[in-house]
J.: 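Sharing a structure, written as structure tokens. Questions coming.
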Amino acid sequence: MGLEIGQVLWLKVRYKTNIIAKYEHPMLVAVIDIDEDKIEVIAIDKARDKISQLYNEANHFLDSDNPKEKVIYVDSYAQLNNTLTIEYFPELIKYRKTEEKLSNNKLEDLIKDYKMYHNNNFIPDERKVHMTKEEILKLNENN
């Protein structure tokens, strides 16, 4: 496929059924499903000026240091309360800023928390979004 779990794509996406991001956000590749020809991503956002978000059980804190990360540049949080899937297509690679991945321990903790959140919490239908190749290309045509 070319993409790997733990890499980050910078994309404009639909967060909910009909809410489209105004600008590109980091999306961590969490699942690669070759059989279904899709990937699942986790939205990442900066923690600065949003410290209260770190107390929300639907968010997972990502320290940009210890070790110093190459895929996130500031302390951030991952949004666990969405299921965002994207049809896989080879050109998705162009939305990576680096081939680096989130460090192993942080990636393992994030994926574990993501799966646990999804197993133990109801994800409303409006937070389950699948985007086709055509939609991703259209939303990101200027990137």
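The analysis underlying the following values was restricted to heavy atoms, covering all of them including side chains, and did not include hydrogens, waters or symmetry mates.
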J.: Evaluate the salt bridge (charged side-chain N to carboxylate O under 4.0 Å, His left out) criterion for residues E24 and K97: first the C-alpha distance (whole Å), next the side-chain angles of each, then the deciding distance (0.1 Å), finally the verdict.
T.: CA-CA 12 Å; E24 59 187 32; K97 292 196 177 178; 3.7 Å; yes

J.: Taking all non-hydrogen atoms of both residues into account, name the closest pair between R14 and L139 and its distance.
T.: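 Smallest interatomic distance, heavy atoms only, reads N-CD1, 4.3 Å.
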
J.: Answer with yes or no whether the hydrophobic clustering places V74 together with V71; edges join I, L, V, M, F, W, Y residues whose side-chain heavy atoms lie under 4.5 Å apart.
T.: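 No; V71 is not reachable from V74 via cluster members.
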
J.: Any side-chain heavy-atom pair from I39 and V31 closer than 4.5 angstrom?
T.: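 No; the side chains remain at least 4.5 Å from each other.
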
J.: Linking I/L/V/M/F/W/Y whenever any side-chain heavy atoms sit under 4.5 Å apart, do I32 and I44 land together?
T.: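 Per the 4.5 Å side-chain linkage, I32 and I44 are co-clustered.
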
J.: Do E69 side-chain atoms and S103 backbone N/O form a donor-acceptor pair below 3.5 Å?
T.: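 Judged by distance alone, yes, a pair lies under 3.5 Å.
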
J.: Are E135 and K12 ion-paired here, with the side-chain N under 4.0 Å from a carboxylate O?
T.: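 Judged by the 4.0 Å cut-off on N to carboxylate O distance, E135 and K12 do not form a salt bridge.
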
J.: Just wondering, do N82 and I42 contact through their side chains at under 4.5 Å, heavy atoms?
T.: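 No - every pair of side-chain heavy atoms lies 4.5 Å or more apart.
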
J.: Side chains of Y95 and N140: does their closest heavy-atom pair fall under 4.5 Å?
T.: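 Yes, their side chains come closer than 4.5 Å.
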
J.: Side-chain heavy atoms nearer than 4.5 Å, only ILVMFWY residues, links allowed to pass through others: does that put L11 and I20 together?
T.: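 No, separate clusters.
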
J.: Do other residues, nucleotides or ligands put more than 12 heavy atoms under 6.0 Å from K68 NZ?
T.: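 Yes, because the 6.0 Å sphere around NZ of K68 holds more than 12 heavy atoms from other groups.
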
J.: Grouping I, L, V, M, F, W and Y whenever their side-chain heavy atoms are under 4.5 Å apart, do I19 and Y23 come out in a common cluster?
T.: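 No, because I19 and Y23 fall into different hydrophobic clusters, even though each may have its own neighbours under 4.5 Å.
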
J.: Mind checking whether E87 and K38 have side chains closer than 4.5 Å, heavy atoms only?
T.: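 Sidechains of K38 and E87: no contact.
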
J.: After noting the C-alpha distance and the side-chain angles of L80 and L110, does the key distance pass the side-chain contact (heavy atoms from CB on, under 4.5 Å) rule?
T.: CA-CA 9 Å; L80 308 177; L110 171 56; 3.9 Å; yes

J.: Using a 4.5 Å cut-off on heavy atoms from C-beta on, say whether the side chain of L84 contacts that of I86.
T.: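 No. Closest side-chain heavy atoms not under 4.5 Å.
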
J.: Inspect the surroundings of NZ in K115 and state if more than 12 heavy atoms from other residues, nucleotides or ligands are less than 6.0 Å away.
T.: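 For K115, atom NZ is not crowded (no more than 12 foreign heavy atoms under 6.0 Å).
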
J.: Can you tell me how far the CG atom of N56 sits from the CD atom of Q79, to the nearest 0.5 Å?
T.: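 CD of Q79 is found 9.5 Å from CG of N56.
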
J.: Run the side-chain contact (heavy atoms from CB on, under 4.5 Å) test on E91 and K133 for me, step by step, so that the C-alpha distance in whole Å, both residues' side-chain angles and the decisive distance to 0.1 Å come before the verdict.
T.: CA-CA 9 Å; E91 295 85 1; K133 172 184 177 179; 4.1 Å; yes

J.: Return the set of residues passing salt bridge (charged side-chain N to carboxylate O under 4.0 Å, His left out) with E36 (not counting sequence neighbours), or none when no residue passes.
T.: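 So E36 forms no salt bridge (charged side-chain N to carboxylate O under 4.0 Å, His left out) with any residue.
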
J.: Tell me, which pairs form a ring pair (Phe, Tyr, Trp, His ring centres under 6.0 Å) where one or both residues lie in residues 116-143, sequence neighbours left out?
T.: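 As it turns out, the ring pair (Phe, Tyr, Trp, His ring centres under 6.0 Å) pairs with a partner in residues 116-143, which skip direct neighbours, are Y114-H118.
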
J.: Going from OG1 on T83 to CD1 on I123, what distance comes out if it is rounded to the nearest 0.5 angstrom?
T.: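 T83 OG1 to I123 CD1: 5.0 Å, rounded to 0.5 Å.
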
J.: Would you indicate whether E99, at its atom CD, is surrounded by more than 12 heavy atoms from other residues, nucleotides or ligands within a distance under 6.0 Å?
T.: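 Open: at most 12 neighbouring heavy atoms sit under 6.0 Å from CD of E99.
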
J.: Do other residues, nucleotides or ligands put more than 12 heavy atoms under 6.0 Å from N104 CG?
T.: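 At most 12 heavy atoms, drawn from other residues, nucleotides or ligands, come within 6.0 Å of this atom.
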
J.: Do F89 and L137 have side chains that approach each other closer than 4.5 Å (heavy atoms only, starting at C-beta)?
T.: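 Yes, their side chains come closer than 4.5 Å.
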
J.: If every non-hydrogen atom of V129 is compared with every non-hydrogen atom of M131, which pair is closest and at what distance?
T.: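 So the minimum-distance heavy-atom pair works out to CG1-CG, 4.0 Å.
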
J.: Looking only at heavy atoms, what is the nearest atom pair of G2 and I93, with distance?
T.: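 Heavy-atom minimum between the residues: CA-CD1, 3.8 Å.
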
J.: Taking all non-hydrogen atoms of both residues, which atom of K70 and which atom of T98 are closest, and how far apart?
T.: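 Smallest interatomic distance, heavy atoms only, reads O-CG2, 3.6 Å.
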
J.: Which residues pass the salt bridge (charged side-chain N to carboxylate O under 4.0 Å, His left out) test with K112, not counting sequence neighbours?
T.: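 Listed in chain order: nothing, the list is empty.
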
J.: Using side-chain contact (heavy atoms from CB on, under 4.5 Å), reason through T85 and E40 one step at a time and then give a plain yes or no.
T.: CA-CA 4 Å; T85 60; E40 193 165 328; 4.0 Å; yes

J.: Hey, what do you get for CG (L62) to CG (D45), rounding to the nearest 0.5 Å?
T.: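 Atom-to-atom, L62:CG and D45:CG are 11.0 Å apart.
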
J.: Any side-chain heavy atom of I136 sitting closer than 4.5 Å to one from L92?
T.: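 The answer is yes; the side chains approach within 4.5 Å.
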
J.: Quick check: do M27 and V8 have side-chain heavy atoms less than 4.5 Å from each other?
T.: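 Not in contact.
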
J.: How many angstroms lie between CD in Q7 and NZ in K101, if you round to the nearest 0.5 Å?
T.: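 One gets 7.0 Å once the value is rounded to the nearest 0.5 Å.
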
J.: Supply the atom-to-atom distance I72 CD1 to L28 CG, rounded to the nearest 0.5 angstrom.
T.: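 Answer rounded to 0.5 Å: 9.0 Å.
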
J.: To the closest 0.5 Å, what do you measure between CD (E4) and CG (L107)?
T.: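 That separation rounds to 10.5 Å.
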
J.: Do I5 and M116 belong together in a cluster built from hydrophobic side chains that touch within less than 4.5 Å?
T.: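 Different clusters: I5 never reaches M116 through Ile, Leu, Val, Met, Phe, Trp or Tyr contacts under 4.5 Å.
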
J.: In terms of the angle between their ring planes, are Y15 and H25 parallel, tilted or perpendicular, with boundaries placed at 30° and 60°?
T.: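 Plane angle over 60°, so perpendicular.
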
J.: May I have the step-by-step check of side-chain contact (heavy atoms from CB on, under 4.5 Å) for D33 and Y88, ending in yes or no?
T.: CA-CA 9 Å; D33 188 334; Y88 173 77; over 6 Å; no

